[in-house]
Amino acid sequence: MIQIFNTLTNKKEEFKTITPNKVNMYVCGPTVYNYIHIGNARPICVFDVFRRFLEYRGYEVNFVQNYTDVNDKIIKQAKEEGITPEECSEKYIKEYEKDATGLNVRPATIHPKVTLFMDKIIPFIQTLEHNGYAYRAGNDVYYRTRKFQDYGKLSGQSLDDLIAGARVDVNDIKEDPLDFALWKGCGTDEQHWDSPWGAGRPGWHIECSCMAKHTLGDTIDLHCGGHDLIFPHHENEIAQSEAANGVPFANYWMHNGHINVDNQKMSKSLNNFFLTREVAEQYGYEVIRYLMIQAQYRAPMNYSVQLLEACKASLDRLYQCRDSLTAAIKQAKSGAVSPNAKAIFEKARTDFIKAMEDDLNTADGLTAVFELVRELNIMSADASTPKEELEEGLKAFNELIDVLGLLYERKEAEIPQEILDLVELRKEARKAKNFAEADRIRDEITAKGYSVRETRQGVEIKKL
RNA sequence: GGCGCUAUAGCCAAGUGGUAAGGCAAUGGUCUGCAACACCGUGAGCGCCGGUUCAAAUCCGGCUGGCGCCUCCA
């Protein structure tokens, strides 16, 4: 039984889908006006893991992640770069995809773009207008929050509490300070679409409501995003969708915690962010993915170099396990898989699934993997372990690793002949017990950017 | 002011009533020509105070610290 913490009820609940074994999920995607920072990378990785896990457990997953390609920030950025807003969003969608691919995030089933949904967004707003949930003010259209009874049910706040926060925009053309824009009028000299209310652009929240409806239906199983989207973004999506469709919008809401720097939220506005690609350049994308997986997704996480180093080292252990196992398989003799080994593999799977079913406890999932790693290391170091047993072990290992989406970055590098020759020389020197020469050759190999180690399964050469 | 989250070893992080998983780092050992890897071993009584209980990191009350949201933000 899969359980997830549902923001809507503030409780861990059994995850029941509308259609058995099918999941319709929507994840809020990026506004494409810049490169993503590692705070943005967290939901991308985390919900990719959840998707993989659901599929591993036999669900068919419709995974929708939008691109917000209409936004004032995009227009501003485009101006700075001297390109059109369309060119700007296209550019950053491509850059986003580079990062997502680097993070081993699988493409969504559908990646809807706002620009392609304009003919759906306008009627959506009209529906709200006809229902009395929207009103025109000047060249804009606003949502009438007071009319929606359940407003605040996701964030757990009443309208009056929210207003008491006294940070809401005072805008005298709105009926209520908490009313938000569905459509904003603008001049025809800037990016705009024609509508019954004149030239303008849609508000941020309506886009997601509309794209979710047209890609997944009126009621979806699961809606995901960052913690900071709970209010107002997701609250407003609920208000719009439920007022327009007359049915619940999403049954479950999952929100990931933030990444902090020096115990402060990493954000573009605070300018304390690290770009995903910058960190990747130094540590590799995979270390970032590992970072996201090593903690439970809801907990806040403090970013530090020390933490990244630890992640890198842990990842090395996983690679090491797979490499030794692969090497051992090549040399092992055929034989039967022992009942003991079978039990170990089965326990790893069971523990892993149990952890992941419990509100996506990836930290515990990793523990199951590492416990398997120890056993596998013992098996591959033992020359009497039959080939079939090692193969079964590798299969179990890969199965779990695939759900987490790890061990994808380091490929077997082509070793240049020059290095192979040096390795051969070292081998001869060692055989002749000329260790000074052997060490000298090793240093030379290191200087050329490769490492050489004598392992139980033979010589291992790696690119540094 | 309102709503919510959080506090476990040097770092990260599980554990929601029965005497603290796992990873990294450190350290002792086995293996190794050396090294690396691997393996075996070593470390916390869980922010503070009080209560409930045969039994609490886990439940209740209070306190303190950290963070987030209430404005664009993953």
Side-chain angles (χ1 to χ4, degrees), chain A residues 7 10 12 27-31 36-47 71-73 152 155-158 160-169 177-178 180 204 224-233 235 255-260 263-270 273 290-292 294-302 304-321 323-324 351 355 358 361-371 373-374 376-378 380-382 429-430 433-436 438-439 442 451-457 460 462:
Chain A
T7 310
N10 248 313
K12 214 185 262 186
V27 180
C28 279
T31 299
I36 59 166
H37 59 65
I38 61 166
N40 302 119
R42 190 171 191 186
I44 299 167
C45 293
V46 159
F47 297 120
N71 185 282
D72 289 356
K73 285 179 186 165
S155 52
Q157 303 224 89
S158 70
D160 295 322
D161 290 341
L162 288 162
I163 288 169
R167 289 166 75 194
V168 284
D169 180 29
L178 281 175
F180 55 90
W204 176 37
C224 310
H227 195 255
D228 54 351
L229 295 182
I230 295 173
F231 190 89
H233 187 51
E235 195 72 72
H255 292 99
N256 63 276
H258 285 136
I259 292 183
N260 299 329
N263 286 314
Q264 269 213 316
K265 175 182 168 181
M266 179 184 297
S267 75
K268 285 176 185 166
S269 34
L270 287 173
F273 58 86
Y290 188 94
L291 173 75
M292 305 306 173
Q294 57 93 35
Q296 214 270 351
Y297 74 96
R298 277 191 295 130
M301 175 192 301
N302 205 44
S304 70
V305 168
Q306 193 179 17
L307 179 53
L308 277 181
E309 293 286 352
C311 289
K312 188 172 187 295
S314 302
L315 209 43
D316 281 342
R317 182 166 161 82
L318 295 177
Y319 269 109
Q320 189 62 45
C321 174
D323 290 349
S324 320
D351 288 352
D358 182 16
N361 194 334
T362 47
D364 254 0
L366 270 178
T367 293
V369 173
F370 277 108
E371 279 171 354
V373 163
R374 167 166 296 115
L376 292 175
N377 282 336
I378 293 170
S380 48
D382 181 351
R430 290 182 75 236
K433 300 217 186 292
N434 184 353
F435 297 122
D439 288 348
R442 181 165 60 193
S451 74
V452 57
R453 305 190 300 125
E454 284 74 35
T455 72
R456 287 172 186 78
Q457 287 86 27
E460 181 190 278
K462 272 190 180 166

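To find a chain, count down the sequence lines: A is the first, B the second, and so on, and within it residues start at 1.
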**OP:** Have a look at B/G29 and give me syn or anti from its glycosidic angle (syn if within 90° of zero).
**Re:** anti
Original post:
Is the backbone of A/Gly257 close enough, under 3.5 Å, to the side chain of A/Arg42 for a donor and an acceptor to pair up by distance?
Top reply: yes
**OP:** Have a look at A/Met301 and say if it touches a base, only the backbone sugar-phosphate, or nothing, with a 4.0 Å heavy-atom cut-off.
**Re:** nothing
**OP:** Map A/Asn361 and A/Ala438 onto RNA chain B by nearest heavy atom, then report which one ends up closer to the 5' terminus.
**Re:** A/Asn361
**OP:** Using a heavy-atom cut-off of under 4.0 Å over every strand shown, decide if A/Glu460 touches base, sugar-phosphate, or nothing.
**Re:** nothing
Original post:
Given B/C12, B/C34, B/G68, which nucleotide is nearest the side-chain atoms of A/Lys265?
Top reply: B/G68
Original post:
Quick check: does any side chain N or O of A/Glu235 sit under 3.5 Å from a backbone N or O of A/Ser155, one acting as donor and the other as acceptor?
Top reply: yes
Original post:
A/Glu454 versus A/Arg430: any side-chain heavy-atom pair under 4.5 Å?
Top reply: yes
Original post:
Within the structure shown, what part of the strands sits under 4.0 Å from A/Gly156 by heavy-atom distance: base, sugar-phosphate, or nothing?
Top reply: sugar-phosphate
**OP:** Name the nucleic acid region contacted by A/His227, choosing base, sugar-phosphate or nothing; use a 4.0 angstrom heavy-atom cut-off, strictly under.
**Re:** sugar-phosphate
Original post:
A/Gln320 has a side chain; which of B/C37, B/G15, B/A74 sits nearest to it?
Top reply: B/C37
Original post:
Reckon A/Ile36 touches a base, only the sugar-phosphate, or nothing at all at heavy-atom distances under 4.0 Å?
Top reply: nothing
**OP:** Classify the nucleic acid contact of A/Ser155 as base, sugar-phosphate or nothing, counting any heavy atom under 4.0 Å across all strands shown.
**Re:** sugar-phosphate
Give each protein N/O atom lying under 3.5 Å from an N/O atom of nucleotides 23-26 of chain B, with the pair distance.
residue: B/G23; atom: OP1; partner: A/Arg374; partner atom: NH2; Å: 3.3
residue: B/G23; atom: O2'; partner: A/Ser314; partner atom: OG; Å: 2.1

Original post:
Under 3.5 Å, is there an N or O donor on one side and an acceptor on the other linking the side chain of A/Asp439 and the base of B/G33?
Top reply: yes
Original post:
Is there a donor-acceptor contact under 3.5 Å from the side chain of A/Asn361 to the main chain of A/Asp358?
Top reply: no
Original post:
Looking across every strand, which nucleic acid part, if any, lies under 4.0 Å from A/Leu229 by heavy atom: base, sugar-phosphate, or nothing?
Top reply: sugar-phosphate
Subject >> Closest to the A/Thr367 side chain, choosing from B/A74, B/G22, B/C12 >> reply: B/G22
**OP:** Select base, sugar-phosphate, or nothing to describe what A/Lys312 touches, counting heavy atoms under 4.0 Å on all strands.
**Re:** nothing
**OP:** Report yes if the side chains of A/Met266 and A/His37 come closer than 4.5 Å at any heavy-atom pair, otherwise no.
**Re:** yes
**OP:** Applying side-chain hydrogen bond (donor to acceptor under 3.5 Å, both in side chains), run through A/Thr455 and A/Glu460 and close with a yes or a no.
**Re:** CA-CA 7 Å; A/Thr455 72; A/Glu460 181 190 278; 5.3 Å; no
**OP:** Indicate, with a heavy-atom threshold strictly under 4.0 Å, whether A/Phe231 touches base, sugar-phosphate, or nothing.
**Re:** sugar-phosphate
Original post:
What is the nucleic acid contact for A/His233, judged by heavy atoms within less than 4.0 Å: base, sugar-phosphate only, or nothing?
Top reply: nothing
Subject >> Selection from B/A74, B/A14, B/G33 that lies nearest to any side-chain heavy atom of A/Arg430 >> reply: B/G33
**OP:** For A/Gly257, answer base if it contacts any base atom (sugar-phosphate contacts may also be present), sugar-phosphate if it contacts only those atoms, and nothing otherwise; contact means non-hydrogen atoms under 4.0 Å.
**Re:** base
Original post:
Given atom CG of A/Asp382 and atom C1' of B/C40, what is their separation to the nearest angstrom?
Top reply: 16 Å
Subject >> Nucleotide nearest A/Asp364 when distance is taken to its side chain, options B/G33, B/A21, B/A13 >> reply: B/A21
Original post:
In terms of the nearest nucleotide of RNA chain B, which residue is placed more toward the 5' end: A/Ile230 or A/Asn377?
Top reply: A/Asn377
